[in-house]
Amino acid sequence: MRRHPRRGEADLPVTPVSPVNPSERGAEVGRRIGVGLMYGLWKPRVLGSWRVPASGPVILAVNHSHNVDGPMVMGVAPRPTHFLIKQEAFAGPLGTFLEGIGQVKVDRSGADRTAITRALGVLTDGGVLGIFPEGTRGDGDFASLRAGLAYFAVRSGAPIVPVAVLGSTEKRGRLIKGLPPLRSRVDVVFGDPFEAGDGSGRRTRTALDAATVRIQERLTAHLANARRLTGR
């Protein structure tokens, strides 16, 4: 209940508190941890990382077929990355850790305004936002894209860099069934950055639908090229 002002007090409007942008320093710590873990446990082969712009806002659009895909990209990307991650993963100590390394918690049940604001904040600050455009783990073939990627790309004007992670689901590990075999090769292929919008700056539903189609075409083509390059 709002308290009425006492005599002599000003009746000031209550200003909503904006969510704090994810920590860039925390994301860099996460990248360094990822480097040690990913190269220590597996044998990543990274192709095209030089295609990621060295500065300014960027969106990494990553296919998603295994839980290791996000940490793998965090560990091999040339810049610290803030991923949109489902809120179910933010449980207990893991949630504290993910917050500390600058990751963004998102409620997938509806339009999570806090997550949207924080994600746009990453891009406004000139950072790297990682998105699984399929929304959840699947075949990792970009066959079904949600509109969120188009919204962030068109709203921010940030270029999209397609990223294909290949090999994370080919075999199951002997020691830990839920992970790829230790010291196995996982390929991460970065594509050429591209603009999702049509140059008009419009953010109507029609414009976003058209942007989603353009994005899907580029991501699907990149995945096919990545498979040719890696033989997977």
Side-chain angles (χ1 to χ4, degrees), residues 21-35 37-38 44 46 48-49 51-90 94-95 97-108 112 115-138 140 142 145-153 155-166 168 186-194 196 215 218-219 222-223 226:
N21 288 348
S23 167
E24 182 78 5
R25 181 178 298 179
E28 174 59 23
V29 170
R31 189 184 73 83
R32 295 181 183 183
I33 293 173
V35 168
L37 286 177
M38 297 304 108
V46 184
S49 61
R51 293 188 171 98
V52 178
S55 61
V58 180
I59 299 174
L60 301 184
V62 186
N63 68 324
H64 194 23
S65 57
H66 196 286
N67 282 333
V68 80
D69 296 340
M72 182 63 69
V73 173
M74 285 180 61
V76 305
R79 294 174 59 186
T81 305
H82 307 266
F83 266 97
L84 282 171
I85 300 176
K86 61 182 181 180
Q87 68 174 2
E88 291 83 356
F90 286 74
L94 178 59
F97 172 73
L98 291 174
E99 288 278 3
I101 61 171
Q103 305 310 294
V104 182
K105 176 171 61 175
V106 58
D107 182 354
R108 299 179 300 173
D112 188 337
I116 292 171
T117 300
R118 299 190 76 200
L120 289 173
V122 167
L123 298 172
T124 300
D125 289 347
V128 180
L129 181 67
I131 295 180
F132 299 114
E134 296 158 292
T136 186
R137 278 184 297 126
F142 294 125
L145 268 60
R146 294 191 175 186
L149 174 56
Y151 173 81
F152 287 119
R155 171 76 182 268
S156 68
I160 296 173
V161 173
V163 186
V165 182
L166 303 171
S168 58
V186 178
D187 292 323
V188 183
V189 185
F190 293 85
D192 291 319
F194 66 92
I215 291 169
R218 293 293 295 265
L219 298 186
H222 170 68
L223 182 60

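In this text the structure is predicted, and so the values were computed from the model without any measurement. Numbering of residues begins at 1 and proceeds along the displayed sequence.
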For [X] and [Y], which heavy atoms make the closest approach, and how far apart are they?
X	Y	value
Val161	Pro193	CG2-CB, 3.8 Å
Pro22	Val104	CG-CG2, 3.6 Å
Leu94	Ala89	CD2-O, 3.4 Å
Gly70	Phe132	CA-CZ, 3.7 Å
Ser49	Pro78	O-CG, 3.6 Å
Ala196	Ala153	CB-CB, 3.7 Å

field: Evaluation steps, side-chain contact (heavy atoms from CB on, under 4.5 Å), between Arg79 and Val52
entry: CA-CA 8 Å; Arg79 294 174 59 186; Val52 178; 4.3 Å; yes
- prompt: Below 4.0 angstrom, N of the basic side chain to O of the carboxylate: do Glu28 and Arg31 qualify?
  reply: yes
field: Donor-acceptor pair, side chain of Arg108 and main chain of Lys86, under 3.5 angstrom
entry: no
Between [atom1] of [X] and [atom2] of [Y], what distance do you get to the nearest 0.5 Å?
X	Y	atom1	atom2	result
Met74	Arg32	CE	CZ	13.0 Å
Ser156	Leu129	OG	CG	8.0 Å
Leu60	His82	CG	NE2	11.0 Å
Leu120	Asp125	CG	CG	11.0 Å
Glu134	His64	CD	NE2	8.5 Å
Gln103	Leu84	CD	CG	9.0 Å

So [Y] and [X], do their side chains get closer than 4.5 Å, heavy atoms only?
X	Y	answer
Met72	Pro44	yes
Met38	Val68	yes
Asp69	Val73	no
His222	Val189	yes
Val58	Thr81	no
Leu123	Arg155	no
Phe152	Ile116	yes

- prompt: Between Phe83 and Ile101, does a side-chain contact (heavy atoms from CB on, under 4.5 Å) hold up when you go through it step by step?
  reply: CA-CA 10 Å; Phe83 266 97; Ile101 61 171; over 6 Å; no
task: For a side-chain contact (heavy atoms from CB on, under 4.5 Å) with Val163, tell me which candidate from Val76, Val188, Leu219 qualifies.
output: Val188
message: Set out, in order, the CA-CA distance, both residues' side-chain angles and the distance that settles side-chain contact (heavy atoms from CB on, under 4.5 Å) for Asn63 and Val165, then state yes or no.
response: CA-CA 7 Å; Asn63 68 324; Val165 182; 3.8 Å; yes
